[in-house]
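Here is the structure we will look at.
When a ligand or atom number is given, it counts from 1 through the structure's own listing order. We're numbering straight along the sequence, starting at 1.
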Amino acid sequence: MAKVALITGITGQDGAYLAEYLIKKGYTVHGIKRRSSLFNTDRIDHLYQDPHEHNRNMILHYGDMTDSMNLTRIIGDVKPDEIYNLAAMSHVKVSFDTPEYTANADGIGTLRILEAVRLLGLTKKTRIYQASTSELYGLVQEIPQKETTPFYPRSPYAVAKLYAYWITVNYREAYGMHASNGILFNHESPLRGETFVTRKVTRAVSRIVLGMQDMVYMGNLSSKRDWGHAKDYIKAMYLILQQDTPDDYVISTGITTTIRDFIKMSFAKAGVVVDFKGVDEKEVGFLVSIDESVFAKEVGIEYLESFRKRLGETVVGVDPSYFRPTEVDILIGDNSKAKAKLGWEPSYSLDGLCEDMMMHDIALMKKEDYLKNGGYRILNYFE
Ligand code: NAP
Ligand code: F7E
């Protein structure tokens, strides 16, 4: 019998990679997606099967983390062997604007899943993965952060996820459930939402080198993140649920980098050197030089002449509206426990991740139909 997994947040970055991974492993994957006025399944369309087909291995259900009855009904119908609870309002900055909704979906939403499994008598059958986050460390109490590092959340998102973390631990201890937290540090990919910093950068840099955009405005350039590739991190989720004993694990690369350096790295993938000058809100990034052979290969010789004329120009500015009321300055994770107990380690370096995202976004921006479909939209104030 094929194992049955239920993924909340299947339309998101991690949900899409995880669904594909589990289907390849022979699972039947059920996913919960929200109703939206436009299609929101771009990331999983390649896995979609018409409901009229027999023996489908991916089945979607309408649902929402704020609706207990809906979640309980789906879990009761599906009776999954494994639940991956990935659904969340996952944008830290937006959580300051929507704190109550974030608490409901990200915090109480997790309780709804755990309680549904308990009330349906599935505690011995169903294993639960909770998508916990390095944002729990917030104002870090220790460097690097590990499973025993005290939490100090710094946003409504992180506080909601703190509740979700502890309610998962509590249901494990109180009811003997196989419920585990993956404390995942930032992970990115070409599927990353366009308003998270890495994707905002790789999209903007692609557009700048192609002559489609003059500059990009960023927030805090000095914060540091431990970035891995989502393709590696979803494998850790799977491994966590294959363990005999439920437990909590830090999943990270152990390397931390500033936003500023990630911007430089992204331009370098196109053969362009960018440097920064000025401080705080007055800091700018400007074009220093071009390695023309790299530019011709990665961007295209036809874009070179007009780009050459731009040397010296400012391409990165700072807009304080992107600053957060409370910031997480540095994250760097110690993944020793995951290495030792799960046999997990990242296969992508940051350079490899950046390469993957840049090559994807240069190709994406070049597509004419992308332009026609509104892809030229400049990220707005809130993004
Ligand atoms: P994501 O791309 O933002 O995806 C979030 C998913 O949750 C989407 O499918 C979204 O649906 C769904 N969702 C949001 N609110 C919902 C609601 N009320 N009811 C049902 N579904 C809802 O996030 P991700 O990067 O894949 O991250 C997956 C999980 O890991 C999240 O819980 C996130 O907080 C956590 N996490 C992420 C990272 C990271 O670096 N990526 C690190 C640590 C933890 P729509 O597609 O309709 O918006
Ligand atoms: O910001 C700074 C920003 O939005 C990273 C989520 O997946 O990872 C993610 O949360 C850093 C912050 O991710 C801009 O101030 C500068 O210091 O990409 P981000 P995040 O807040 O770390 C954790 C682990 C999660 O759990 C979350 O769900 O970059 N930054 N300038 C900017 N950030 C954004 N978004 N936009 C800027 O223009």
Quiz item: Does the distance from a Lys or Arg side-chain N to an Asp or Glu carboxylate O, for K269 and E355, drop under 4.0 Å?
Solution: yes

Quiz item: Thinking salt bridges, do E327 and R225 make one under a 4.0 Å N-O criterion?
Solution: yes

Practice problem: Any chance you could lay out the side-chain hydrogen bond (donor to acceptor under 3.5 Å, both in side chains) test for H61 and H30, step after step, and finish with the verdict? | Solution: CA-CA 7 Å; H61 307 257; H30 291 255; 2.8 Å; yes

Quiz item: Has ligand 2 got any nitrogen or oxygen that is less than 3.5 angstrom from a nitrogen or oxygen of F185?
Solution: no

Quiz prompt | Charged N-O contact under 4.0 Å between D67 and R112 | solution = no

Quiz item: Would E305 and R308 pass as an ion pair if we require N to O under 4.0 Å?
Solution: no

Quiz item: Are side-chain heavy atoms of I23 and M58 found at a separation under 4.5 Å?
Solution: yes

Practice problem: Find all atoms of ligand 2 within a distance of less than 4.0 Å from any non-hydrogen atom belonging to S134, and give their numbers and elements. | Solution: 24 (C)

Quiz prompt | H187-ligand 1 polar pair, N/O distance under 3.5 Å | solution = yes

Quiz prompt | E327: numbered ligand 2 atoms lying under 4.0 Å from its heavy atoms | solution = 3 (C), 12 (C), 15 (O), 17 (O)

Self-check item: Residue-ligand contact E135/ligand 1, heavy atom below 4.0 Å
Solution: no

Quiz prompt | Nearest-neighbour protein heavy atom for atom 6 (C) of ligand 1, which is reported as residue plus atom name and distance | solution = G9 CA, 3.6 Å

Exercise. Could you walk me through whether V201 and F262 pass the side chain to side chain contact (heavy atoms under 4.5 Å, CB included) test, one step at a time?
Key: CA-CA 8 Å; V201 167; F262 186 80; 3.9 Å; yes

Exercise. Could you tell me whether ligand 1 has any atom less than 4.0 Å away from a heavy atom of Y157?
Key: yes

Quiz prompt | atom 9 (O) of ligand 1 [closest protein heavy-atom partner, distance rounded to 0.1 Å] | solution = T11 OG1, 2.6 Å

Quiz item: Looking only at heavy atoms of R192, does any of them come nearer than 4.0 Å to an atom of ligand 1?
Solution: yes

Quiz item: Charged N to carboxylate O under 4.0 angstrom, K224 versus D329?
Solution: no

Quiz item: Counting heavy atoms only, which of E188, K33, R34, M65 comes nearest to atom 48 (O) of ligand 1?
Solution: R34

Quiz prompt | Shortest non-hydrogen contact from A230 toward S189 | solution = CB-CB, 4.1 Å

Quiz item: S132 heavy atoms, cut-off 4.0 Å: which ligand 1 atoms fall inside?
Solution: 43 (C), 44 (C)

Quiz prompt | Contact atoms of ligand 2, heavy-atom distance to T133 under 4.0 Å | solution = 23 (C), 24 (C), 25 (C), 26 (O)

Quiz item: What atoms of ligand 1 come within less than 4.0 Å of a heavy atom belonging to N186?
Solution: 40 (O)

Quiz prompt | atom 31 (C) of ligand 1: nearest protein contact (heavy atom, Å) | solution = L86 O, 3.0 Å

Exercise. State whether E53 and R56 are salt-bridged, where the test is any N-O pair (Lys NZ or Arg NE/NH1/NH2 against Asp/Glu carboxylate O) under 4.0 Å.
Key: no

Quiz item: atom 1 (P) of ligand 1: which protein heavy atom is closest, and how many Å away?
Solution: S90 OG, 3.7 Å

Quiz item: Which atoms of ligand 1 are found less than 4.0 Å from any heavy atom of T133?
Solution: 43 (C), 44 (C)

Quiz item: Starting from atom 27 (O) of ligand 1, which protein heavy atom do you reach first, and at what distance in Å?
Solution: D14 OD2, 3.6 Å

Quiz prompt | Exercise: do D232 and H187 side chains pair donor with acceptor under 3.5 Å | solution = no

Quiz item: By number and element, which atoms of ligand 1 are closer than 4.0 Å to a non-hydrogen atom of Q13?
Solution: 2 (O), 25 (O), 26 (O), 41 (N)

Practice problem: Please confirm whether T66 comes within less than 3.5 Å of ligand 1 when only nitrogen or oxygen atoms on both sides are compared. | Solution: no

Practice problem: Let me see the working for F185 and I332 under side chain to side chain contact (heavy atoms under 4.5 Å, CB included), right down to the final yes or no. | Solution: CA-CA 8 Å; F185 283 59; I332 175 168; 5.6 Å; no

Quiz item: Using 4.0 Å as the upper bound for N to carboxylate O, is an ion pair formed by K337 and D248?
Solution: no

Quiz item: When you measure from the centre of the six-membered ring of F286, is the NZ or CZ of K277 under 6.0 Å away and within 45° of the axis?
Solution: yes

Quiz item: Taking the side chain as C-beta and beyond, is there a heavy-atom pair between Y62 and R34 under 4.5 Å?
Solution: no

Quiz item: Can you check whether S134 has an N/O within less than 3.5 Å of an N/O in ligand 1?
Solution: no

Quiz item: After noting the C-alpha distance and the side-chain angles of Y175 and Y171, does the key distance pass the ring pair (Phe, Tyr, Trp, His ring centres under 6.0 Å) rule?
Solution: CA-CA 5 Å; Y175 307 117; Y171 269 58; 4.9 Å; yes

Quiz item: Does the N or O separation between A88 and ligand 1 drop below 3.5 Å for any pair?
Solution: yes

Exercise. Would you give the length of the straight line joining atom OH of Y233 to atom CG of L184, rounded to the nearest 0.5 angstrom?
Key: 7.0 Å

Self-check item: Proximity of K161 to ligand 2 by residue part, where a heavy atom lies under 4.0 Å
Solution: neither

Quiz item: Within a strict 4.5 Å, meaning less than it, do heavy atoms of the N186 and L331 side chains meet?
Solution: yes

Quiz item: Between I259 and ligand 2, which part of the residue brings a heavy atom under 4.0 Å of the ligand: side chain, backbone, both or neither?
Solution: side chain

Quiz item: Can you find an N/O atom of N40 closer than 3.5 Å to an N/O atom of ligand 1?
Solution: yes

Quiz prompt | Within reach of ligand 2, part of K200 (heavy-atom separation under 4.0 Å) | solution = side chain

Practice problem: Quick one: do L60 and Y48 satisfy side chain to side chain contact (heavy atoms under 4.5 Å, CB included)? Show the steps, please. | Solution: CA-CA 9 Å; L60 295 179; Y48 181 76; 4.3 Å; yes

Self-check item: Short N or O distance, Y217 and ligand 2, threshold 3.5 Å exclusive
Solution: no

Quiz item: Looking only at heavy atoms of R324, does any of them come nearer than 4.0 Å to an atom of ligand 2?
Solution: yes

Exercise. Determine the sole option in Y322, F196, F96 for which the ring-ring contact (aromatic ring centres under 6.0 Å, His included) test with H91 is passed.
Key: F196

Practice problem: Using distance alone, decide if ligand 1 has a nitrogen or oxygen within less than 3.5 Å of any nitrogen or oxygen in A131. | Solution: no

Exercise. List every atom of ligand 1 that sits less than 4.0 Å from any heavy atom of Y101, numbering the atoms from 1 in the order shown and giving each element.
Key: 15 (N), 16 (C), 17 (C), 18 (N)

Quiz item: Has ligand 2 got any nitrogen or oxygen that is less than 3.5 angstrom from a nitrogen or oxygen of V92?
Solution: no

Practice problem: Number the atoms of ligand 2 from 1 as they appear, then name those within less than 4.0 Å of a heavy atom of S90, with their elements. | Solution: 6 (C), 27 (C), 28 (O)

Quiz item: Any N or O of Y322 that comes nearer than 3.5 Å to an N or O of ligand 2?
Solution: no

Quiz item: Any idea which atoms of ligand 2 are less than 4.0 Å away from a heavy-atom of T195?
Solution: 34 (C), 35 (N)

Quiz item: Quick one: which ligand 2 atoms are inside 4.0 Å of a heavy atom on R192?
Solution: 6 (C), 7 (O), 8 (O), 9 (C)

Practice problem: Would you mind telling me if ligand 2 is within reach of the side chain of Y157, the backbone, both or neither, using heavy atoms under 4.0 Å? | Solution: side chain

Quiz item: L184 to ligand 1: N or O pair under 3.5 Å?
Solution: no

Quiz item: Of the choices G63, G12, A16, which has the non-hydrogen atom that lies closest to atom 4 (O) of ligand 1?
Solution: G12

Practice problem: Starting from the C-alpha separation in whole Å, work towards a yes-or-no answer on side chain to side chain contact (heavy atoms under 4.5 Å, CB included) for R43 and T11. | Solution: CA-CA 6 Å; R43 292 179 174 115; T11 58; 5.7 Å; no

